[in-house]
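Take a look at the structure set out below.
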Amino acid sequence: MRVGEFADGAAVGCLLAGCALAFVAGVGLLRFPDTLSRMHTVAKPQVLGLLLVTLGLGLRLRSGIDVGMLVMVAFFQLTTVPVATHLVGHAVYRLPHLPTGDLVVDELADHPDPAG
């Protein structure tokens, strides 16, 4: 088996696994009951699915400009998703109807709200 054929086979595996993880993230987004639970499916399986898809595309395309662009996509995804979910979590925590009794650990309970 040549190296190109092996890379194409690995690319197919990565693309299928990435698509499956993105599908699982979509199902979790629809099935989980509240925003705090949905943040988990938006952040973790979706990002891993996107990384697998970019890896699969990189293995298939194999040109410098394409791989560079895919690395930039992965970098920005890895740097923006944690910040966005953190900000959404803080915004949801401030809502008056958040059931804090469902939280296992409430790390924000001892800190006063800086917004007032």
Side-chain angles (χ1 to χ4, degrees):
M1 178 181 268
R2 295 183 0 206
V3 175
E5 293 173 353
F6 178 75
D8 287 342
V12 168
C14 288
L15 288 171
L16 289 175
C19 290
L21 279 173
F23 178 73
V24 167
V27 170
L29 189 63
L30 294 174
R31 298 286 298 172
F32 282 162
D34 56 6
T35 304
L36 293 177
S37 301
R38 289 177 182 157
M39 286 180 5
H40 175 76
T41 63
V42 169
K44 295 177 183 171
Q46 183 267 335
V47 170
L48 184 58
L50 181 84
L51 290 177
L52 284 172
V53 167
T54 56
L55 177 64
L57 288 173
L59 287 172
R60 180 68 183 107
L61 297 174
R62 295 183 219 132
S63 70
I65 188 84
D66 294 331
V67 171
M69 187 64 71
L70 291 170
V71 167
M72 286 180 59
V73 167
F75 172 75
F76 286 118
Q77 186 75 17
L78 286 173
T79 55
T80 57
V81 167
V83 174
T85 54
H86 181 77
L87 292 175
V88 169
H90 272 272
V92 169
Y93 185 81
R94 291 183 189 147
L95 293 176
H97 64 278
L98 178 71
T100 55
D102 294 341
L103 298 176
V104 175
V105 177
D106 190 3
E107 295 177 349
L108 298 176
D110 297 333
H111 302 289
D113 187 11

### Exam field: side chain Arg38 to backbone Phe32, donor-acceptor pair closer than 3.5 Å
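Such a contact is found between Arg38 side chain and Phe32 backbone.
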### Query
Tell me, do Ser37 and Asp34 make a side-chain contact under 4.5 Å, heavy atoms counted?
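Heavy-atom side-chain distance check passes, below 4.5 Å.
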### Side chains of Leu50 and Val73 in contact at under 4.5 Å (non-hydrogen atoms)
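Yes, close enough: below the 4.5 Å cut-off.
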### Task
Test Val47 against Leu78 for side-chain contact (heavy atoms from CB on, under 4.5 Å), laying out the working first.
CA-CA 7 Å; Val47 170; Leu78 286 173; 3.7 Å; yes
### Task
State whether Arg62 and Asp8 are salt-bridged, where the test is any N-O pair (Lys NZ or Arg NE/NH1/NH2 against Asp/Glu carboxylate O) under 4.0 Å.
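A salt bridge links Arg62 with Asp8.
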Atom of [X], atom of [Y] and distance for their closest heavy-atom approach:
X: Cys14; Y: Leu52; result: CB-O, 3.4 Å
X: Ala43; Y: Val81; result: CA-CG1, 3.8 Å
X: Ala10; Y: Leu59; result: CB-CD1, 3.8 Å

### Query
Quick one: CG on Asp66 to CZ on Arg60, what's the gap to the nearest 0.5 Å?
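The distance works out to 11.5 Å.
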#### Entry: Reported OG1-to-NZ distance for the pair Thr85 and Lys44, which is rounded to 0.5 angstrom
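Atom-to-atom, Thr85:OG1 and Lys44:NZ are 9.0 Å apart.
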#### Entry: Audit row: Leu57, Leu15, side-chain contact (heavy atoms from CB on, under 4.5 Å) steps and yes/no
CA-CA 7 Å; Leu57 288 173; Leu15 288 171; 4.2 Å; yes
### Trace of the side-chain contact (heavy atoms from CB on, under 4.5 Å) decision for Val53 with Leu21
CA-CA 10 Å; Val53 167; Leu21 279 173; over 6 Å; no
### Query
Can you list the residues that meet the side chain to side chain contact (heavy atoms under 4.5 Å, CB included) rule with Phe76, with sequence neighbours excluded?
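Partners of Phe76 by the side chain to side chain contact (heavy atoms under 4.5 Å, CB included) criterion, ordered by chain and then number, come out as Met72, Thr79.
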### Message
Could you check whether atom CE of Met39 has more than 12 heavy atoms from other residues, nucleotides or ligands sitting under 6.0 Å from it?
### Response
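Atom CE in Met39 is packed in, count exceeds 12.
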### Derivation of the side-chain contact (heavy atoms from CB on, under 4.5 Å) call for Val88 and Thr35
CA-CA 9 Å; Val88 169; Thr35 304; 4.2 Å; yes
### Query
Does Val83 sit in a hydrophobic cluster with other residues, and if so which ones, taking ILVMFWY side chains as linked at heavy-atom separations under 4.5 Å, directly or through other members?
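Noted: Val83 shares its cluster with Leu87.
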